[in-house]
Amino acid sequence: MKAIIIALLATFTSLGCMAETAINLVANIPDERPLRPEDPERMPPVIPTAWYDGGTVYIHTTLPSQNVSVEITDEGGIVAVQQITTGSDRLGRVDGRMLIPGQSYTLIVIIGSRQWSGSFEID
């Protein structure tokens, strides 16, 4: 009985670990002014975070509420998902049910005049 419970816990833990795929976003446009420690007016750049949970792509930002433009392209550059979501709660949700497991995708996030991109693969 104890072995069955441990096996079930291990299974659910491993499923939970695979449930989300983090997407590392990188700015595509270099900053106009480099960050210098002696520049007190300048804040460090704000990079949104993104992750995919098997059906939805989430984009979280600490930027003030704005529209978030999201585009997901496959390896061939074909647009799989394109959506504009409002960032009123600073967490944008994009329907990713059309994404195919085993494929690599590029996520492009545009907020205001800033653009970030990152690659991810669906297991």
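Take Asp74 and apply the side chain to side chain donor-acceptor pair (under 3.5 Å) test, not counting sequence neighbours, and it matches no residue. Qualifying side chain to side chain donor-acceptor pair (under 3.5 Å) partners for Glu75, counting only residues two or more places apart in sequence or in other chains: Ser104. Under the side chain to side chain donor-acceptor pair (under 3.5 Å) criterion, Gln83 pairs with no residue, sequence neighbours left out. In this structure Val70 satisfies the side-chain contact (heavy atoms from CB on, under 4.5 Å) test together with Ile59, Val68, Ile72, Val94, Leu107, sequence neighbours excluded. By the side-chain contact (heavy atoms from CB on, under 4.5 Å) test, Ile110 pairs with Ser69, Ile108, Gln115, sequence neighbours left out.
Once rounded to the nearest 0.5 Å, the distance linking OG1 of Thr56 with CG of Leu99 reads 10.0 Å. Remark: Phe120 CZ to Trp51 CH2 distance equals 13.5 Å, nearest 0.5 Å.
Side-chain contact between Ile78 and Thr73 is absent, with no heavy atoms from C-beta onward closer than 4.5 Å. Side-chain contact between Pro48 and Ile111: present, with at least one pair of heavy atoms (C-beta onward) separated by less than 4.5 Å.
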| field | From CA spacing to verdict: side-chain contact (heavy atoms from CB on, under 4.5 Å), Ile122, Tyr105 | value | CA-CA 8 Å; Ile122 299 175; Tyr105 293 95; 3.7 Å; yes
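Every pair passing salt bridge (charged side-chain N to carboxylate O under 4.0 Å, His left out) that includes a residue from residues 96-109 is listed here, sequence neighbours excluded: Asp95-Arg97.
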